[in-house]
Amino acid sequence: MQQNAKELRSRLIEKVKCAGVVGAGGAGFPTHVKLQSHVEWYLANGAECEPLMHKDRELMIHFATEIVGGLQLAAQTTGNAKPAIGVKKKNTQAITALKAAIQDTRIVMAYFDDYYPAGDEYEIVYTITGRLVPPQGLPLDVGCVVNNVETLYNVYQAEKGVPVTEKYMTIAGAVQNPVTTWVPIGMRVSDVLNLAGGATIPYYAVMESGLMMGKYVRDIDQPVTKTTGGLIVLPADHNLILRYSKTQKQMDRIGHSACDQCSYCTELCPRYLLGYNVQPHLVMRSLGFSRMGAEMWNTYAQLCCQCGLCTLYACPEALYPREACVKGINDLRALGKDKWEGAREVQVHATKDVRRVPVKHLKTRLGVTRYEAEAGYVKMDIQPDKVVIPLKQHVGIASEPVVKEGETVNKGQLIAQIPAGQLGATIHASISGHVTAIQNDRIVIEA
Ligand code: SF4
Ligand code: SF4
C-alpha cells in the first residue's frame, strides 16, 4: 500500500516536471520541486488582488473542477497535506463554482476581504493557518506550500499528460473589449492586445502582470511567457506610466530632496503590519540625507516583498520607497550581506486589520477606476503565425534546446529540456510549425 502511494507520488512529480509546470502567479518557481516537500497544508491562492486583473477569478469560475483536481493531487503528493483554497468574498460566482467542485473532498475554503495585497504568500499562510513565516523564510518553513490556482490547473493537466503551452491572462485597461483568455506562450504582446480589440487610444503604454507588482513593457514585440498574468493598457502620459518610466537615479534624487520622514510608507506597509521589521522610511535615509551609513538603513529593506503599496499608495509626496528598498536589497547582496540577522520573532501589529488598503481605494489612488471592466473569459481559437519562446521563463537555469533549426514540431512537443542536475523547467512548442531560429535565449517557431 505504502509502496503504491510512493509510486503515485513519484509519477505525479515526474509528470509535472515533464509538463513544464511553474508558478503561474508571478515568480515561475518549478512546481515539481515544491511537490517534493512534505507539508501539513497545501494552499491554493485565488485571492487575486492586482487592480483590473481578473484571470484567477475567471479561472475559478470556468475551471473549478480542474483547480480542485490539481489541488487534491498536490496535497496527496506532499504527504496528504490539508488542502485549502483562499478566495475573495466578493467573487461570489467563483465561490459557487468551487463549492460545487469541492463536494466530497477534504478541501476547505478560506475567504478574504477585498484588500491589497491579500494574495501575498505570507498573508495567505497567516490568514488560513494562523502561522507566520520566519523572516526571509518560505511557507515551507511553517509546513505550508502555496500555489496560484492556475498552477494547480496546470498540475491537473500535467497528470493527464498535457504540457504547459498556453497562459491564462486578462487583457484590460484602455482596450476595446477587456477579456480573459488562453494565449499561446511566445505570442507577441502587440498581437495579444488585438485579442481585446486593440487599444482605444493612439498613444499608449502597457503594463505586464499588474499595475502594482508588474512590469512596464518597454518593447511590445516581446513575447508572453508562462508567468505573464495579463496586460493592461494605459495612456502613455498616465501618471503611473510616467512614474514607472523614471530611472533609479531620478527616483533617488527626488527622494533625497523631498522625503520628510513622515513614515506613512512604513505605517501602511503590509509586511510591517504583519510583524516584520520592514521600515521603508528608514531605508529612504540611505539616499544620502543622513550622516549614518546606507548599509545600516538598508537592513530595513530586507524583508520587503516589493508589493509597491508604499510607493503607489502610502507616500503623500509620491516618492519611491519600494524602489529604495529594492536598491537597498541589491546593495546588501553585492556586499554579501543579504542574510537577515535581525530578530526572528514575528508579532502581528495591533492595527493590522484597520490599516488594510481596500482595492477600491487603491484603484482611485492609481487613477484607474474608469478602466474597471468585467473582462470575462472568452474561448478563442488563436493561431499565431509565429511564436518566440524564451528558454528561461522560470526560476533556475535556462533550458537547453532539444530541437534543431528547420525541424518540424507539433504543438505540445518538448523543445527544451532542463540541464542535468539543475533547477529549471521543460519547455514545449505552443504552436505546430517549423523551428526557424534557435538563439541563445529563445526558440522561434513559425506556423
Ligand atoms: S511616506 Fe514618503 S515622504 Fe513619508 S517617509 Fe515615506 S518616502 Fe518619505
Ligand atoms: S514595497 Fe513598500 S509597502 Fe510593500 S513590503 Fe516593501 S516596503 Fe512594505
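Counting starts at 1 for both ligands and their atoms, following the listed order. Only heavy atoms go into these numbers, but all of them, side chains included; no hydrogens, no water, no symmetry mates.
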Exercise. Using a strict cut-off of 4.0 Å, indicate which atoms of ligand 1 neighbour a heavy atom of P316.
Key: 1 (S)
Quiz item: Can you say whether the rings of Y153 and F63 are parallel (under 30°), tilted (30 to 60°) or perpendicular (over 60°)?
Solution: perpendicular
Self-check item: Salt bridge K226-E150, side-chain N to carboxylate O under 4.0 Å
Solution: no
Exercise. Return the residue, atom name and 0.1 Å-rounded distance of the protein heavy atom closest to atom 5 (S) of ligand 2.
Key: C305 N, 3.5 Å
Practice problem: Under 4.0 Å from a heavy atom of D260: give me the atoms of ligand 1 that qualify, with their elements. | Solution: 3 (S), 4 (Fe)
Quiz prompt | Qualifying residue, where the test is side-chain hydrogen bond (donor to acceptor under 3.5 Å, both in side chains) with H54 and the options are E48, E374, E372 | solution = E372
Quiz item: Rounded to the nearest 0.5 Å, how far apart are CG of L132 and CD of E123?
Solution: 9.5 Å
Practice problem: Hey, could you give me the CE/CG distance between M284 and D252, rounded to the nearest 0.5 Å? | Solution: 8.5 Å
Quiz item: Of all residues at least two apart in sequence or in a different chain, which pass the side chain to side chain contact (heavy atoms under 4.5 Å, CB included) check with E159?
Solution: L12, K15, L73
Quiz item: Under 2.8 Å from atom 6 (Fe) of ligand 1, which protein atoms of type N, O or S occur, listed by chain and number?
Solution: C265 SG
Practice problem: Would you mind listing which atoms of ligand 2 come within a distance below 4.0 Å of any non-hydrogen atom of P270? | Solution: 3 (S)
Exercise. To the nearest 0.5 Å, tell me how far I397 CD1 sits from L391 CG.
Key: 12.5 Å
Self-check item: Proximal ligand 2 atoms for V278, defined as those under 4.0 Å from one of its heavy atoms
Solution: 7 (S)
Quiz prompt | Protein heavy atom at shortest distance from atom 4 (Fe) of ligand 2 | solution = C307 SG, 2.4 Å
Practice problem: Scan N154, D56, N45 and name whichever one has a side-chain hydrogen bond (donor to acceptor under 3.5 Å, both in side chains) with N148. | Solution: D56
Quiz item: Can you list the atoms of ligand 2 that are under 4.0 Å from a heavy atom of R322?
Solution: 1 (S)
Self-check item: Salt-bridge criterion met for D113 and K89 (N-O under 4.0 Å)
Solution: yes
Quiz prompt | Results of salt bridge (charged side-chain N to carboxylate O under 4.0 Å, His left out) for E208 - residues two or more places apart only | solution = none
Exercise. Would you check if atom 8 (Fe) of ligand 2 lies under 2.8 Å from any N, O or S atom of C304?
Key: no
Self-check item: Residue list, side chain to side chain contact (heavy atoms under 4.5 Å, CB included) with L273, at least two apart or on another chain
Solution: H349, T351, K352, R355
Quiz item: Taking only heavy atoms of Q306, which atoms of ligand 2 are found under 4.0 Å from at least one of them?
Solution: 1 (S), 6 (Fe)
Quiz item: Among protein heavy atoms, which sits nearest to atom 8 (Fe) of ligand 2, and what does the distance come to when rounded to 0.1 Å?
Solution: C269 SG, 2.3 Å
